[in-house]
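Down below is the structure, laid out as structure tokens.
Only heavy atoms go into these numbers, but all of them, side chains included; no hydrogens, no water, no symmetry mates. All chains are named by letter (A, B, ...) in the order of the sequence lines, taking the proteins before the strands, and each is independently numbered beginning at 1.
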Protein chains: 2
Amino acid sequence: MSVPGRPAQQAPADIDEVMELVRHEGGRASTARRVILEALVAAGGHRTAEELAADIHSGHPEIHQTTVYRNLERFEDLGVAYHTHLGHGPAQWHLTGSRHQHLVCQYCGAVIEADPDILAGLETTLHDRSGFELDLRHFAITGTCQSCASEAREHPISDPSVPA
Amino acid sequence: MSVPGRPAQQAPADIDEVMELVRHEGGRASTARRVILEALVAAGGHRTAEELAADIHSGHPEIHQTTVYRNLERFEDLGVAYHTHLGHGPAQWHLTGSRHQHLVCQYCGAVIEADPDILAGLETTLHDRSGFELDLRHFAITGTCQSCASEAREHPISDPSVPA
DNA sequence: ATCCCTGCAAAATATTTGCACTGAT
DNA sequence: ATCAGTGCAAATATTTTGCAGGGAT
């Protein structure tokens with residue numbers, strides 16, 4: 001795996017720009033690379049590597065899952081994409097441009113997209129107290145959603161992990 | 001996997017109390033169960049299932065990894081223990097009693113244990129805005145530690161995931 | 001011509017499940 | 001005597017790696 005591109009880069013919204021960036025970093029503008037990127041843009045986030053491979057498969061059955069993994073990692077190195085863990089399932093991939101915070105309910109698995117501003121206070125507190133620079137993209141924020149909180153005491157459920 | 005015991009239960013600090021709880025819930029006070037719990041107490045948190053199995057192995061070579069997994073899950077259901085993901089490696093297990101927040105540096109992998117009070121503000125904000133009840137035990141809070149933040153721009157490193 | 005990238009196969013990691021037997025109640 | 005728990009083997013899920021051939025520069 002890789003760690004997010006740093007410093008936090010602007011996501012080139014345009015596919016050609018990304019391919020340009022890839023070339024600038026010594027990479028090659030392969031077909032697979034472009035197709036995978038297109039799939040990610042088209043999906044608009046919240047896609048697993050496997051889902052992306054499936055999306056791609058109709059048009060390009062020769063593109064293997066491995067290649068999807070390798071390219072997503074590359075995009076992450078370039079700061080163009082990142083992955084998030086919402087639960088125990090596979091990682092979810094996003095373009096860096098669509099930044100949002102995930103709240104995941106541990107009981108029903110609901111994924112709520114929160115305004116990243118919600119974290120502003122925490123970010124400041126942490127930085128002041130310890131110099132730690134928060135980046136909550138990598139893991140979701142878990143907790144209990146409103147409806148589960150109310151009916152919580154009665155019937156525990158088994159693992160929702162990640163919803164469909 | 002399972003979801004934390006709910007409502008958040010007091011962790012019985014005492015092993016006999018936990019075994020009592022297990023029996024009360026229809027479970028049996030097996031030797032393996034007790035030994036695994038003892039290992040968890042002795043380790044004082046931050047142990048993976050595999051590490052716990054290793055800890056146990058000298059005294060009880062017959063206790064299999066599978067049994068460790070199964071019992072940890074059971075303890076989690078009972079609200080006695082919980083697991084946390086600090087990175088891409090295996091989950092870390094803790095007793096519910098030793099509650100603390102993990103900050104993990106994405107670059108060097110350092111794990112900082114933060115005062116859970118740091119999150120008080122965020123907790124309130126979230127609850128007020130969306131009724132979401134925060135529980136940040138399940139995933140670590142990722143970011144960049146102070147020293148990595150300073151030397152950050154120069155040399156990206158590969159995946160630290162979880163430190164030794 | 002170089003060497004990055006790909007497809008395919010296989011491995012690696014972390015965890016879960018099936019099943020017959022043992023052991024706690 | 002019952003039925004939960006265990007050991008062991010095998011399966012599962014997700015991701016990574018090795019290698020030889022193909023394609024971008």
Side-chain angles (χ1 to χ4, degrees), chain A residues 1-3 16 18-37 47-54 56-57 60-78 81 83-93 138 158-159 161-162 164, chain B residues 1-2 16 18-37 47-54 56-57 60-78 83-93 138 158-159 161-162 164:
Chain A
M1 167 249 183
S2 57
V3 129
D16 291 323
V18 176
M19 295 313 273
E20 198 52 48
L21 177 59
V22 166
R23 296 243 299 268
H24 184 261
E25 300 289 324
R28 285 166 192 189
S30 70
T31 309
R33 190 108 83 199
R34 173 176 288 267
V35 168
I36 291 163
L37 185 57
R47 272 289 197 283
T48 67
E50 196 177 13
E51 285 165 351
L52 284 169
I56 288 166
H57 190 258
H60 298 268
E62 79 282 4
I63 295 179
H64 196 280
Q65 280 240 30
T66 299
T67 304
V68 174
Y69 276 109
R70 280 194 273 229
N71 277 285
L72 288 173
E73 191 174 333
R74 174 64 87 104
F75 293 143
E76 188 160 66
D77 286 342
L78 295 173
H83 74 276
T84 306
H85 301 277
L86 298 185
H88 284 162
Q92 305 280 328
W93 287 85
H138 189 221
S158 46
D159 182 25
S161 259
V162 175
Chain B
M1 167 248 181
S2 56
D16 291 321
V18 176
M19 296 312 273
E20 197 54 47
L21 178 58
V22 166
R23 296 245 299 268
H24 184 262
E25 301 288 324
R28 286 166 192 190
S30 71
T31 309
R33 191 107 85 198
R34 172 176 288 267
V35 168
I36 291 164
L37 184 57
R47 272 288 199 283
T48 67
E50 195 178 14
E51 286 165 351
L52 283 169
I56 288 166
H57 190 258
H60 298 266
E62 79 282 3
I63 295 179
H64 196 280
Q65 280 238 31
T66 300
T67 303
V68 174
Y69 276 108
R70 280 194 273 228
N71 277 285
L72 288 173
E73 192 174 331
R74 174 62 89 100
F75 293 144
E76 188 160 66
D77 286 341
L78 295 173
H83 75 276
T84 305
H85 301 277
L86 298 185
H88 283 163
Q92 304 280 327
W93 288 84
H138 189 221
S158 45
D159 182 26
S161 259
V162 174

Going 5' to 3' along nucleotides 18-25 of chain C, which nucleotides have protein heavy atoms under 4.0 Å from the base (write B), which only from the sugar-phosphate (write S), and which from neither (write -)? B----BBS
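Within a 6.0 Å sphere centred on CD of A:Glu50, other residues, nucleotides and ligands contribute 12 heavy atoms or fewer.
Checked against the 6.0 Å centroid threshold, A:His85 and B:His85 do not count as a close aromatic pair.
No donor-acceptor pair closer than 3.5 Å links the side chain of A:Glu76 to the backbone N or O of A:Glu73. In this structure, A:His64 contributes its side chain and A:Thr66 its backbone to a donor-acceptor pair below 3.5 Å.
At whole-Å resolution of the value, NE2 in A:His64 and C1' in D:dG18 are 14 Å apart. Here D:dG7 presents its C1' atom at 12 Å from CD1 of B:Ile36, a figure rounded to the nearest Å. Nucleotide D:dG7 holds its C1' atom 14 Å from the CD1 atom of B:Ile56, rounded to whole Å. Atom CZ in A:Arg34 sits roughly 13 Å away from atom P in C:dT6 (whole-Å rounding). Rounded to whole angstrom, the span from the CD1 atom of A:Ile63 across to the P atom of C:dG7 amounts to 6 Å. In this structure, A:His60 places its NE2 atom 16 Å from C1' of D:dG23, rounding to the nearest Å. The interatomic distance linking B:Leu72 (CG) with C:dT16 (C1') rounds to 14 Å, in whole Å. We find that CD of B:Gln65 is positioned 13 Å from C1' of D:dC8, with the value rounded to whole Å.
Listed nucleotides: D:dT6, C:dT15, C:dT6. Nearest to the side chain of B:Ala32: D:dT6. Among the nucleotides C:dT6, C:dC4, D:dT16, the one closest to any side-chain atom of A:Asn71 is C:dT6. With distances taken from any side-chain atom of B:Thr67 to the nucleotides D:dT16, D:dT6, D:dT15, the minimum falls on D:dT6.
Of the side-chain N and O atoms in A:Tyr69, none sit less than 4.0 angstrom from OP1 or OP2 of D:dT16.
The aromatic rings of A:His83 and A:Trp93 sit tilted relative to each other, their planes meeting at an angle between 30° and 60°.
Across all strands shown, A:Ala91 has heavy atoms under 4.0 Å from sugar-phosphate atoms exclusively, and none from any base.
Between B:Asp16 and B:Arg34 there is a salt bridge, since at least one side-chain N of the basic residue sits less than 4.0 Å from a carboxylate O of the acidic one.
Side-chain atoms of B:His138 and A:His88 form a donor-acceptor pair, as typed in the model, at a separation below 3.5 Å.
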